[in-house]
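Right, one structure below, let's go through it.
Per chain, numbering begins at 1; letters A, B, ... match sequence-line order.
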Amino acid sequence: MSKPIYIYNTLSRKKELFQPINPPFVGLYVCGPTVYGDGHLGHARPAITFDVLFRLLKHYDFKVRYVRNITDVGHLEHDADEGEDKIAKKARLEQLEPMEVVQFYTERYHKNMEDLNVLSPSIEPRASGHIIEQLKMIDQIMDNGFAYESNGSIYFDVEAYNKKHHYGKLSGRNIDDLLNTTRQLDGQEEKRNSFDFALWKKANPEHIMRWPSKYSDGFPGWHMECSAMSTKYLGQEFDIHGGGMDLQFPHHECEIAQSTAAHGSESVKYWMHNNMITINGQKMGKSLGNFITLNEFFEGSHKLLDQAYNPMTVRFFILQAHYRSTVDFSNEALQAAEKGLSRLLSAYETLQKIKPSEQSDVDVKTLNNKCYEAINDDLNTPIVIAHLFEGVKMINTLSDGKAQINTDDLAILQSTFKTFIFEILGLKAPENDIQNDLTDQLMRILIDARQEAKDKKDWATADAIRDKLSALGVQLKDGKNGVEWSI
RNA sequence: GGUCUCGUGGCCGAGUGGCUAGGCAGCGGUCUGCAAAACCGUGUACAGCGGUUCGAAUCCGCUCGAGACCUCCA
């Protein structure tokens, strides 16, 4: 199954037909987290968006190498810390080794991703493990005359670069705008121009994370890692680079400049950017202090949360919006997503029980096509979900015996649901680990006891059992095919 | 200040020149001893004002409002 995929390329600001540089291989690079704190809802968005892309490409049998980095060094802070490394700062605060912090938060990030059913990337390189590659790339940029040394630090010469290439092409800026709008920052006096950015930074004596180099004892600039690691694992030219919209400028703009300056040609064919998650209409972000961590979502432990939300609810919530739109958080919206997902999944279970007939009066082929059309149209997951709900209606009608379906169509319907819900959207049925065999058998005893009471029309006893279970958070559902229970 | 995006029914959220996504809530119903759950049915909304057009939520202009980037950020 291979159909044309269209993706929105930030470079051209248009949807473009996706054509890999070297089919069937696809190189995909996505900016991963800086591991100095717990992941929040904002981290879930790109992870899930590009997870869906990864899954879709694999579904179409592309050979995908998906690289998502872990930033464990290099992002400077510009507050009172005078360029102290983020990781180093956190380490000092907690009296830990920097790599201890990195280890701790990396593992928590991985756990979050697993909970969200986000597939592991093919390679998850760390910035700290690629200092040599970064230094090599800095050498190339220096050799090509697009960088200069100043007091042991190396800066990218934006002006020199802009004479031959367009600095700002991704974010729609030009160098004149930047001259007027760039703020005074630390280390400015070392730069020729305010918009120049660091490739290598000489470390202050108290700076913990540092590596020796011919320039100085220091650490790489904040954009180098992605350029160096994408080149190493995907080559000088690769297909797709993704990340949050907030990284468009300056991070991705600098990446383009660095790669072009080092290799003489552009590195990325398609740039994709997911939009932000907002909370009360405002961006949710680390610096704004209004973020909710994923762990808090899963535990319901944040004051803005009415309840705990299953990771699949969060995933479904995010997929119900298109990745290039902002999505506004609210308990109401999350609860709506929770119910919608559960309806979708229970229809999937119903689908497994449907028996085929001789003839078919449902159009499953169109449904299947519409799902593919939607996902191929720049990952339009909300439309896919809308179509799946049409399928839900279809399934329930069949289940009620109000329509018929033949063997072939049933197979198509089942495969459509399976493919889209689980394989491409990456949803999964929530696990009930409490619902093991023993518990189920104990529950059966109670359910049977209640049934006996009901048979005797002893409603008081029957209701008492139901109410007491309900108080423990166990719901009984009287269905046509017997009594089901859930927590 | 510069660059840019957006404003859709009670809530969330697609669409983007005519054929009025979808989910949740609400309402009506089916089922049930009752309830819950489940299922079915049900809503012509597109910030305001002008313009283009046979026809605009969709294109253009203005007004109002919200937000993003320009600084670490997903």
Side-chain angles (χ1 to χ4, degrees), chain A residues 13 30-34 36-37 39-50 71 75-79 81 86 168 171-174 176-186 195 222 242-251 273-278 281-288 291 316-317 320-322 324-344 346-347 350 370 374 380-390 392-393 395-397 399-400 402 454 457-459 462-463 466-467 470 475-480 483-486:
Chain A
R13 314 218 165 227
V30 175
C31 293
T34 304
Y36 71 111
H40 56 79
L41 194 55
H43 289 99
R45 189 113 199 243
I48 289 170
T49 300
F50 295 105
T71 296
H75 283 225
L76 305 178
E77 291 204 337
H78 293 286
D79 50 19
D81 300 301
K86 262 187 187 171
S171 54
R173 274 158 236 261
N174 61 56
D176 296 326
D177 295 337
L178 294 170
L179 258 182
N180 300 324
T181 59
T182 306
R183 203 175 66 171
Q184 277 296 313
L185 299 171
D186 165 53
F195 44 64
W222 26 306
M245 261 182 191
D246 50 344
L247 296 179
Q248 227 175 76
F249 189 91
H251 185 57
H273 292 96
N274 62 274
N275 214 319
M276 305 288 103
I277 286 180
T278 59
Q282 197 192 24
K283 188 177 86 161
M284 176 183 282
K286 248 168 217 165
S287 55
L288 298 166
F291 64 92
F316 188 71
F317 171 65
Q320 268 192 309
H322 187 259
R324 284 192 286 112
S325 301
T326 56
V327 54
D328 197 50
F329 156 85
S330 69
N331 281 290
E332 227 179 341
L334 259 302
Q335 284 156 11
E338 185 175 56
K339 287 183 186 170
L341 175 60
S342 129
R343 202 158 90 86
L344 183 63
S346 78
T350 306
K370 279 154 98 181
N380 203 330
T381 54
I383 295 291
V384 172
I385 291 170
H387 291 320
L388 289 174
F389 274 107
E390 282 175 35
V392 169
K393 208 170 271 188
I395 290 166
N396 291 328
T397 311
S399 174
D400 279 2
K402 289 173 187 160
K454 284 174 75 174
K457 298 202 189 294
D458 177 4
W459 310 126
D463 289 356
R466 186 176 68 195
D467 294 346
S470 176
Q475 313 304 324
L476 293 183
K477 297 172 190 173
D478 297 339
K480 276 178 187 156
V483 183
E484 308 253 343
W485 65 279
S486 67

Separation of atom CD in A:Gln248 from atom P in B:C73, rounded to whole Å
14 Å

On a whole-Å scale, what distance lies between the P atoms belonging to B:A14 and B:G22?
15 Å

If you round to the nearest 0.5 Å, how far is CD1 of A:Ile48 from OG1 of A:Thr381?
10.0 Å

Taken to the nearest whole Å, CD1/A:Ile277 to C1'/B:C73 is 14 Å

The reported gap from CG in A:Asp463 to NZ in A:Lys454 (rounded to nearest 0.5 angstrom) is 9.0 Å

Considering only B:A14, B:C24, B:C69, which nucleotide approaches the side chain of A:Pro382 most closely?
B:A14

Residue mapping more 5' on RNA chain B - nearest nucleotide basis, A:Ala336 or A:Lys454
A:Ala336

What integer distance in Å separates A:Leu247:CG from B:U71:P?
14 Å

Would you mind classifying the nucleic acid contact of A:Met245 as base, sugar-phosphate or nothing, using non-hydrogen atoms under 4.0 angstrom?
nothing

Between atom OG1 of A:Thr71 and atom OH of A:Tyr36, what is the distance when rounded to the nearest 0.5 Å?
10.5 Å

Value for CG (A:Asn274) from OG (A:Ser325), rounded to nearest 0.5 Å, stands at 11.0 Å

Looking across every strand, which nucleic acid part, if any, lies under 4.0 Å from A:Leu41 by heavy atom: base, sugar-phosphate, or nothing?
nothing

Is A:Ser171 touching bases, backbone alone, or none of the nucleic acid, heavy atoms closer than 4.0 Å?
nothing

Specify the separation, in whole Å, of atom CG of A:Asn331 and atom C1' of B:C12.
13 Å

Counting heavy atoms from C-beta on, name the nucleotide in B:C73, B:C69, B:A14 closest to the side chain of A:Phe249.
B:C69

Closer than 4.0 Å, any side-chain N/O of A:Asn396 to the OP1 or OP2 of B:C40?
yes

In whole Å, measure the gap between the C1' atoms of B:U42 and B:U20 for me.
15 Å

Nearest-nucleotide comparison on RNA chain B, the residue closer to the 5′ end among A:Ile385 and A:Ser330:
A:Ser330

If you check every side-chain atom of A:Arg466, which of B:G2, B:G23, B:C34 has the closest atom?
B:C34

In whole angstroms, how far is the C1' atom of B:C4 from the NE2 atom of A:His273?
14 Å

Give me the distance, rounded to whole Å, that separates B:C12 from B:G18 when you measure between the P atoms they each carry.
26 Å

Phosphate OP1/OP2 of B:G2 contacted by A:Asn174 side-chain N/O (<4.0 Å)
no

For A:Trp459 and B:G33, are the ring centres under 5.5 Å apart with planes inclined under 30°?
yes

Picking from B:A21, B:C12, B:C40, the nucleotide nearest the side-chain atoms of A:Ile383 would be B:A21

With sugar-phosphate meaning primed atoms plus P, OP1 and OP2, does A:Gly340 contact a base, only sugar-phosphate, or nothing at under 4.0 Å between heavy atoms?
sugar-phosphate

Taking only the side-chain heavy atoms of A:Arg173 (C-beta and beyond), determine which of B:C69, B:C24, B:A14 contains the nearest atom.
B:C69

Give the dot-bracket string for RNA chain B, reading 5' to 3', where a pair is Watson-Crick or G-U wobble with both distances under 3.5 Å, ( ) marks pairs inside the strand, [ ] marks pairs crossing earlier ones, | marks a partner on another strand, and . marks unpaired.
(((((((..(((.....[...))).(((((.......)))))....(((((..]....))))))))))))....

Out of curiosity, A:Ile395 CD1 to A:Asp400 CG, how far, rounded to the nearest 0.5 Å?
12.0 Å

So A:His322, base contact, sugar-phosphate only, or nothing? Heavy-atom distance under 4.0 Å.
sugar-phosphate

Any sub-3.5 Å donor-acceptor pair from A:Ser470's side-chain atoms to A:Arg466's backbone N or O?
no

Candidates B:C24, B:G33, B:C12 - which lies nearest the side chain of A:Ala333:
B:C12

A:Asn275 CG to B:G7 C1', in whole Å, measures 14 Å

Whole-Å distance between B:C34 P and A:Asp467 CG?
16 Å

What's the CZ-P distance between A:Arg13 and B:U5, to the nearest Å?
8 Å

Which part of the nucleic acid does A:Lys283 contact within heavy-atom distance under 4.0 Å: base, sugar-phosphate only, or nothing?
base

Side chain of A:Ser325, heavy atoms from C-beta onward: which of B:A14, B:C73, B:C70 has the nearest atom to it?
B:A14

Using the C1' atom as the reference point in each nucleotide, state the distance between B:G17 and B:U52 in Å, no decimals.
11 Å

Looking across every strand, which nucleic acid part, if any, lies under 4.0 Å from A:Asp463 by heavy atom: base, sugar-phosphate, or nothing?
base

Quote, to the nearest angstrom, the P distance that separates B:G48 from B:A57.
10 Å

In whole angstrom, give me the gap between the P atoms of B:A25 and B:A37.
9 Å

Side-chain donor/acceptor of A:His43 to backbone N/O of A:His40, under 3.5 Å:
yes

Among B:G33, B:G41, B:C69, which nucleotide sits nearest the side chain of A:Lys393?
B:G41

From the options B:A14, B:A68, B:G22, select the nucleotide whose nearest atom is closest to the side chain of A:Gln282.
B:A68

P gap between B:A21 and B:G43, integer Å:
11 Å

Does B:C73 have its OP1 or OP2 closer than 4.0 Å to a side-chain nitrogen or oxygen of A:Arg45?
no

Determine the interatomic distance between P on B:G7 and the same-named atom on B:A47; round to the nearest Å.
7 Å

In the structure I gave you, are the side-chain heavy atoms of A:Leu344 and A:Val392 within less than 4.5 Å of one another anywhere?
yes

Of the listed B:C39, B:G33, B:C24, the closest approach to the A:Ala462 side chain comes from B:G33

Regarding A:Leu388, tell me which of base, sugar-phosphate or nothing describes its non-hydrogen contacts under 4.0 Å with the strands shown.
nothing

